[in-house]
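I have placed the structure first, in the form of C-alpha cells, so that the comments after it can refer back to it.
All chains are named by letter (A, B, ...) in the order of the sequence lines, taking the proteins before the strands, and each is independently numbered beginning at 1. Note that the structure is a prediction, hence the values are computed from the model and not measured. The basis for the numbers below is simple: all heavy atoms, side chains too, and nothing from hydrogens, waters or symmetry mates.
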Number of protein chains: 2
Amino acid sequence: MADVARLAGVSAQTVSRVSNGEPNVVDTTRETVLRAMAELGYRPNSAARALKRGAFRAIGVITFTLATTGNVRTLEGIVASAAAQDHAVTLIPVDAPTQDAVRGAFTRAGELAVDAVIAIMETHLVGDAPAFFPPGVKVVVADSDDAGDRHPVVDTDQRAGARAAVEHLLGLGHATVHHVAGPEHSYAAQRRRDAWRATLEAAGRPVPGVLHGDWSPESGYALGLRLAEDPSCTAVFAANDQMALGILRAMHDRGRRVPDEVSVVGFDDVPEAASFIPPLTTIRQDFEQIGALCVERVLGQVRGDGPATGTTLVPTELVVRESTAPHRG
Amino acid sequence: MADVARLAGVSAQTVSRVSNGEPNVVDTTRETVLRAMAELGYRPNSAARALKRGAFRAIGVITFTLATTGNVRTLEGIVASAAAQDHAVTLIPVDAPTQDAVRGAFTRAGELAVDAVIAIMETHLVGDAPAFFPPGVKVVVADSDDAGDRHPVVDTDQRAGARAAVEHLLGLGHATVHHVAGPEHSYAAQRRRDAWRATLEAAGRPVPGVLHGDWSPESGYALGLRLAEDPSCTAVFAANDQMALGILRAMHDRGRRVPDEVSVVGFDDVPEAASFIPPLTTIRQDFEQIGALCVERVLGQVRGDGPATGTTLVPTELVVRESTAPHRG
DNA sequence: ATGGGCTATGTTTGCGTAAACATCGCCTCG
DNA sequence: CGAGGCGATGTTTACGCAAACATAGCCCAT
C-alpha cells in the first residue's frame, strides 16, 4: 500500500479510501491511485483488513458430509446467497457424526476467519457445541426443525411434505400407504414417519409396520424386496429418492409393475428422479431457499438486526410423475 | 491475549507460545496459561495471526457448480485432505461459465484470505485468469488434462477410462460401440469421445456417428430413443452415468431389453448406479484422490517444495454390473 | 570454581490497514 | 473583504499476534 501511495504521490490513507470506494475522493486522484494499483498489482491484504475491521466477511459452514443431495444443495444455496452479500464461505468438516467431533468443529470455527457459522446437521448432533463459542460468532442451524429456541433454525417443512405424499396416494384410491423410513436417529426421518402415520390415522386407515433404511438405494432395495412379497402393499412412501430408487428396482426384479400394481413416492426430487424407471413422483425440497434463509438469518444476527432464535419452515412441492397411479382394486 | 497474560502472570509472548504449542515452555507454566485461557474464554484472533504469519492456512476453491457429482466429490476430497493438513477451504463461486466470470472469481480470490487456489473447471474456462493473480497465491487446476505447462493439473485419466469401457464391450462380442458424448465444448467429453473412437479404430471396427448430450439424464433419454430405433446398436458407451440412466429408460420404453439386446456402460460410478435398472456397468473415477492430489500439489507449491507445473492423471476402474452382457448374434 | 552453553521467559518491534483526528485550501455569505 | 465552514487529503495510532532479540537462571566440563 505504501508503494502505491508513493507511486501515486498520495498518502496511504487516500489509497485506503480508494480501495474501499469511499466517496470523498476527487476523481482525478482516484484515477491516479487506481492506475498505480494496477501498475504495482496491488491487492488489499485481507488479514490486515479483517484485523482492523474486526470482521472477515466470511461465513463458516459446518457439515458432516457432502455425499447427500440435501447438504450439497443447501450449501450451494448458502454460497450463492453469501456471494450476493459479498461474503465468502469457509467449509469446516466434521470427521464423524458425533457430538464430540461437532464440538471440535465448532472450536476450530471459533478460531477461523469467520463471522458466523451455519451448521447443516441435525440438532441432536449440534448439542451444546455452540456454547463453546466466542460470543461474537453467530450460529444458524439447518436440517433440524426443533431447537429453534437456542438458535435460528431453518428446515424443510417435513411434516407438510410427508402429508402431501400420503394424501396424494390415498387420493388415488389406495387403502393405505407403506413407509420406508430413514434411520431411526434422524430427526428428518422421524418427522416424515410421524407425519405419515398421523396422516393415515387422520384418514382412519390402518398403519402398516414401518421399515427403516439408511437413506441408501441398497437399503431401499432390500426393504423393497420385502414389500414386494406383500400383495396388500399397493402404495409406498419412501423417505428419500435414493431409497425409492432401490424400491423401484426391487419391484421390477419381483415382477411387481410400477405404477400398475404398486405406486411409489419419494422425497427430495433429485435431478435423476425424472429419469427413473418409471419417473418418480416425489416431494421437492427447496434447498436453495433453505440456504438463502440460513444466510439471511445469520447475517441478520451479525448486523444485529435479526432474531437470535426461531424456526423457519420452507414449504415443499408435490411433483407428480409416472410412478403413481390410481389403485386398481 | 494481554488479559490472559496478566491473569496467568506471564508475558504475552508466553501465551503466544502456549497457544501455538511450542515446546520450550515448562509444564507448570503451560498449565497456568491454559487455565487462564479457559477461564477467560480466550481464542486466538486468526486475522492477527494471519497478518503476522503472512499465511492463512486456507485454500480457495473456485468452481462453477456443485450440481455435478464430480465437482462435489472432488471438493469433498479437497476438504478432507486440507483438513488433515490443518487448512481450511473457502469456496469461491463463479456466476457463469465464462472466462470473464472466472477472471472475476480469481480476482476475488486474490483479495480473499487464502494462500492458494484450486480451480475445479476445464482449462479453457480458466484461460489466462490466473495471470491476474498476486504472485504469492498458487494455483492448481482439476478437471482438465492439458495446460499442465502453466499450472499443475490433476485429472482423471479420461482416455484410459473410455478405452476400458469400449474394450469391455468389444470383449463381450459386440461388433462396435455407439457413444453418447457430453457437450462438444467440454474437454472431458472430448477426451472420452476421442479415446472411444481411437479404441474402435485400433480394433478395426466401424465408428458410428457420435451423439452429443449435455450430461443430463433427459438428454440421455432423448438420444437413447434414437439409438433404440437402430437395430444394429447393441452396445452403448455413455460419457456419464446420468446420461446412461436416461438411455436405460429410453431402451426400457422402447422395449429394448438391457442387457439382453443392448449393453450400456456409463462413466463416474455415482452412488445410485448400482441401483439403476439394471445395475449399471461403469467407469469409476476416484474423485477423493483427485482432491487429495490437488491439495498436495497446491500445498507443495506454497511450501516451495512442489512442482509448479505438470499433469497428474488418476487411474479409473471398470466396475462391471448387469447392464452389460455378451452379444448374442 | 568458573566460563560456556543451553533453556525458559520477557521485551521490543512491526505486519497492513482504517478510524480518528489534524490540516489545508477554497467557497460562500454577511 | 474577511470569518466561517466544508470537503479533500495527510498524520498518527492501534488492531492482536509472533518473530527477533534480550535476559536470566541453571548445569556441566574443565
Indicate every side-chain donor-acceptor pair of residues 1-10 of chain A with a distance under 3.5 Å to a residue at least two apart or in another chain.
unit_1, atom_1, unit_2, atom_2, d
A/D3, OD1, A/R6, NH1, 3.3

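- Nearest heavy atom pair, residue A/Q158 against residue A/A188, reads NE2-CB, 3.8 Å.
- Taking 4.5 Å as the limit, some side-chain heavy atom of A/V61 sits within range of a side-chain heavy atom of A/I120.
- One can place CZ of B/R43 at 13 Å from P of D/dC17, the figure rounded to the nearest angstrom.
- Side chain of A/T65 to backbone of A/A67: a donor-acceptor contact under 3.5 angstrom is found.
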Please list each protein N or O that sits under 3.5 Å from an N or O in nucleotides 23-26 of chain D, with the distance.
none

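- Summarising the geometry of B/A116 relative to B/V298, their closest heavy-atom pair is CB-CG2, 3.4 Å, with the distance given to 0.1 Å.
- Between B/G21 and B/R30, the closest heavy-atom pair is CA-NH1, 4.4 Å.
- Side-chain N or O atoms of A/T74 include one that pairs as donor or acceptor with a backbone N or O of A/G70 at under 3.5 Å.
- Residues of residues 50-60 of chain B that place a heavy atom closer than 4.0 Å to DNA chain C, in numerical order, are B/L51, B/K52.
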Atom pairs, protein N/O to nucleotides 8-12 of chain D N/O, distance under 3.5 Å:
unit_1, atom_1, unit_2, atom_2, d
D/dT9, OP1, A/T29, OG1, 2.5
D/dT9, OP2, A/V26, N, 3.0
D/dG10, OP2, A/S11, N, 2.8
D/dG10, OP2, A/S11, OG, 3.0
D/dG10, OP2, A/T14, OG1, 2.7
D/dG10, N7, A/R17, NH2, 3.0

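- Between A/S19 and A/R49, the side chains place a donor N or O and an acceptor N or O closer than 3.5 Å (distance only, hydrogens not considered).
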- request: Output, in order, the C-alpha distance, side-chain angles, deciding distance and verdict of side chain to side chain contact (heavy atoms under 4.5 Å, CB included) for B/T90 and A/V89.
  value: CA-CA 6 Å; B/T90 295; A/V89 170; 5.9 Å; no
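- Distance check: B/T311 OG1 to B/R297 CZ gives 10.0 Å after rounding to the nearest 0.5 Å.
- Atom C1' of nucleotide D/dC17 and atom CE of B/M37 are separated by 12 Å, given to the nearest angstrom.
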message: Walk me through whether A/V314 and A/L293 qualify under side chain to side chain contact (heavy atoms under 4.5 Å, CB included).
response: CA-CA 9 Å; A/V314 176; A/L293 282 169; 3.6 Å; yes
- prompt: So B/L112 and B/F56, side chain to side chain contact (heavy atoms under 4.5 Å, CB included) or not? Walk me through it.
  reply: CA-CA 10 Å; B/L112 230 47; B/F56 300 93; over 6 Å; no
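- When A/L299, A/V79, A/D115 are each tested for a side-chain contact (heavy atoms from CB on, under 4.5 Å) with A/I59, only one passes: A/L299.
- Just one of B/N71, B/L75, B/I78 meets the side-chain contact (heavy atoms from CB on, under 4.5 Å) condition when paired with B/T63; it is B/N71.
- When atom types are taken as modelled, the side chain of B/E76 and the backbone of A/L66 share a donor-acceptor pair closer than 3.5 angstrom.
- Along DNA chain C, read 5' to 3', the first and last nucleotides having any atom under 4.0 Å from a heavy atom of chain B are C/dA8 to C/dG16.
- With the end axes of the helix from C/dA1-D/dT30 to C/dG30-D/dC1 each set by five pairs, the angle from one to the other reads 40° at 10° resolution.
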